[in-house]
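First the structure, in the form of structure tokens, and then the observations on it.
The analysis underlying the following values was restricted to heavy atoms, covering all of them including side chains, and did not include hydrogens, waters or symmetry mates. The shown structure was predicted, so the numbers you read here are calculated from the model rather than taken from an experiment. Read the numbers this way: they start at 1 and go in the same order the structure lists the ligands and their atoms.
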Amino acid sequence: MHNETELLKEKIVALKKKRNAVILAHNYQIGDVQDIADYVGDSFGLSRVAAETKADVIVFCGVHFMAESAAVLAPSKTVLLPERLAGCPMADMVTVEALRAKKKEYPHATVVTYVNSSAAVKAESDICVTSSNAVNVVNSLDAEEILFVPDMNLGSFVADRTDKHVILWQGYCLTHDRVRARDVEIAKQQHPDAVVVVHPECRPEVVQAADYAFSTSGILQFAKNCKHQKLIIGTEMGLLHRLHLENPSKEFYLLHQGLICPNMKFTTVGKVVEALETMTSVITVADDIRESARRALERMLAVS
Ligand code: 13P
Ligand code: SF4
């Protein structure tokens with residue numbers, strides 16, 4: 001007897017073969033989608049896989065900017081986003097026009113752009129970063145002044161770890177920005193023997209109050225290697241799926257119940273099947289934008 005999920009999984013195996021497709025899923029995707037993916041990872045790891053894959057089709061289970069990055073790094077592949085409407089409110093907080101205006105205000109600044117941004121914004125930037133390499137990339141630059149776009153929280157995290165002057169774009173992740181330092185205090189009171197690990201998209205005062213701050217893959221690595229048995233997790237709740245799978249004997253508590261990104265939850269296994277059957281939605285990037293965006297992404301990949 002097959003249940004519906006098993007049937008969908010069988011369809012995916014057949015469709016993947018037919019299309020020569022690879023399925024990439026971000027760490028914030030729902031558990032069922034992570035389970036059918038060939039690779040589950042953070043933004044940086046997934047862009048690496050997209051750049052190197054031999055597959056003809058990349059199904060990106062994530063949000064729009066991630067699929068765009070795959071399209072930029074793998075121009076000969078077909079990149080599918082199973083849910084066309086999965087966007088990122090933080091990426092939408094910077095437009096090309098606004099960035100051009102800011103660059104005029106700071107003509108000597110090196111523009112460092114978080115991958116959580118549109119390809120068009122990346123194309124206006126000198127180099128990209130992800131949460132796992134932002135500090136290293138900024139410190140590697142031969143520049144005194146940095147315009148950090150669009151996440152002011154990750155930008156502050158970097159500013160605290162570099163001697164360079166960092167100008168912050170005023171964007172933020174709606175999901176991570178919800179957490180307050182008080183939430184860390186409360187969680188520590190509730191679980192006094194737990195360690196608090198947050199994502200650097202959280203506010204600086206939250207990072208300060210926490211014990212550690214890492215990217216999603218950094219949190220996974222830390223959870224696996226640390227001696228702590230109980231961890232309070234300050235990032236999008238999708239990460240708990242892998243944390244539980246990889247550390248069955250450890251306990252994980254979500255720092256704040258609002259740590260859920262609706263856009264990351266749009267993708268379902270059914271939508272992945274539909275994407276492979278109908279070959280939609282194809283994500284493309286115009287040639288001129290793609291070339292400049294690729295330069296910024298490849299400069300990042302070269303540093304990391
Ligand atoms: P990473 O830590 O995987 O880079 O992701 C953070 C995020 O918010 C992706 O949307
Ligand atoms: Fe964007 Fe935040 Fe959602 Fe990531 S978690 S996609 S940064 S809104």
Side-chain angles (χ1 to χ4, degrees), residues 24-30 33-34 37 39-50 60-70 81-94 112-118 121-122 128-137 148-158 169-179 197-203 206-207 210 212-223 233-243 254-267 283 297 300-301 304:
L24 312 187
H26 188 266
N27 285 321
Y28 295 161
Q29 291 290 292
I30 62 167
V33 169
Q34 295 191 28
Y39 298 93
V40 182
D42 65 0
S43 311
F44 179 65
L46 294 178
S47 48
R48 274 238 141 112
V49 177
F60 216 117
C61 304
V63 293
H64 191 266
F65 73 79
M66 296 180 175
E68 264 195 341
S69 292
L81 185 66
E83 172 49 65
R84 193 174 50 85
L85 297 176
C88 169
M90 172 158 70
D92 294 340
M93 289 179 191
V94 51
V112 175
T113 296
Y114 191 22
V115 288
N116 296 30
S117 54
S118 68
V121 163
K122 290 183 179 82
C128 289
V129 294
T130 73
S131 52
S132 60
N133 62 19
V135 175
N136 284 347
V137 169
F148 194 94
V149 182
D151 186 5
M152 61 176 172
N153 291 334
L154 181 63
S156 300
F157 182 82
V158 172
W169 193 270
Q170 298 297 300
Y172 56 91
C173 165
L174 296 178
T175 302
H176 287 87
D177 197 68
R178 247 170 230 150
V179 185
V197 193
V198 301
H199 194 281
E201 282 179 18
C202 290
R203 292 176 175 222
V206 171
V207 171
Y212 300 95
F214 303 116
S215 72
T216 55
S217 289
I219 296 175
L220 285 163
Q221 213 179 331
F222 175 81
I233 303 297
T235 194
E236 211 278 346
M237 46 94 73
L239 193 68
L240 293 181
H241 181 70
R242 265 183 85 185
L243 283 168
L254 193 62
L255 173 56
H256 186 290
Q257 291 316 306
L259 278 165
I260 177 159
C261 172
N263 286 279
M264 282 286 181
K265 306 303 179 210
F266 285 157
T267 310
I283 304 300
L297 279 166
M300 168 188 85
L301 292 173
S304 309

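Contact atoms of ligand 1 toward Met66: 9 (C), 10 (O) (distance under 4.0 Å to a heavy atom of the residue). Those atoms of ligand 2 with a heavy atom of Cys173 less than 4.0 angstrom away are 2 (Fe), 5 (S), 7 (S), 8 (S). The distance from ligand 1 to the heavy atoms of His26 drops below 4.0 Å at these ligand atoms: 1 (P), 3 (O), 5 (O), 9 (C). Close contacts of ligand 1 with Asp42, meaning ligand atoms under 4.0 Å from a residue heavy atom, involve 1 (P), 3 (O). Each of the atoms 10 (O) of ligand 1 lies under 4.0 Å from some heavy atom of Met264.
For Phe222, the CZ atom counts as densely surrounded, since its 6.0 Å shell holds more than 12 non-hydrogen atoms of other residues, nucleotides or ligands. Heavy-atom contacts from other residues, nucleotides or ligands closer than 6.0 Å to OH of Tyr172 number 12 or fewer. For Arg48, the CZ atom counts as densely surrounded, since its 6.0 Å shell holds more than 12 non-hydrogen atoms of other residues, nucleotides or ligands.
Here the closest non-hydrogen pair linking Cys202 and Gly234 is SG-O, 3.6 Å.
Phe214 and Tyr212 have parallel rings, their planes meeting at less than 30° on a 0 to 90° scale where 60° marks the start of perpendicular.
Using a 4.0 angstrom heavy-atom cutoff, Ser131 counts as in contact with ligand 1. Within the 4.0 Å heavy-atom shell around ligand 2 one finds Met90. Note on ligand 2: Asn116 sits in its first shell, one or more heavy atoms being nearer than 4.0 Å. The closest approach between Tyr114 and ligand 1 falls below 4.0 Å for a heavy atom of the residue. Within the structure, the closest approach of His199 to ligand 1 falls below 4.0 Å when heavy atoms are considered.
For atom 1 (Fe) of ligand 2, the nearest non-hydrogen atom of the protein is Cys88 SG, 2.3 Å. For atom 8 (O) of ligand 1, the closest heavy atom belonging to the protein is Glu201 OE2, 2.9 Å.
Contacts between Asn116 and ligand 1, counted as non-hydrogen atom pairs separated by less than 4.0 Å, involve the side chain only. Using a 4.0 Å cut-off between heavy atoms, Thr130 makes no contact with ligand 1 at all. For Phe44, no heavy-atom contact with ligand 1 is shorter than 4.0 Å.
Side chain of Trp169 to backbone of Thr113: no donor-acceptor contact under 3.5 angstrom is found.
None of Gln34, His241, Arg242 except one satisfies the side-chain hydrogen bond (donor to acceptor under 3.5 Å, both in side chains) rule with Asn27; the exception is Arg242. Here the rule is side-chain hydrogen bond (donor to acceptor under 3.5 Å, both in side chains) with Glu236, and of Lys265, His176, Gln29, His26 only Lys265 fits it.
Backbone and side-chain nitrogen or oxygen atoms of Ser215 are examined, and none is located within less than 3.5 angstrom of a nitrogen or oxygen of ligand 1. Considering both main-chain and side-chain atoms, Ser43 comes within under 3.5 Å of ligand 1 through a nitrogen or oxygen pair.
Counting backbone and side-chain atoms alike, Cys261 contributes no N/O/S atom closer than 2.8 Å to atom 1 (Fe) of ligand 2.
In this structure, Tyr28 OH and Ile260 CD1 are separated by 12.5 Å, a value rounded to the nearest 0.5 Å. The NE2 atom of His256 sits 9.0 Å away from the CG atom of Leu254 when rounded to the nearest 0.5 Å.
Within the set Ala91, Gly87, Pro89, the minimum heavy-atom distance to atom 8 (S) of ligand 2 is found for Pro89.
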Determine whether Arg203 and Asp177 satisfy the following criterion, side chain to side chain contact (heavy atoms under 4.5 Å, CB included), listing intermediate values before the conclusion.
CA-CA 6 Å; Arg203 292 176 175 222; Asp177 197 68; 3.0 Å; yes
Decide yes or no on side chain to side chain donor-acceptor pair (under 3.5 Å) for Ser132 and Thr130, but give the supporting numbers first. CA-CA 5 Å; Ser132 60; Thr130 73; 3.0 Å; yes
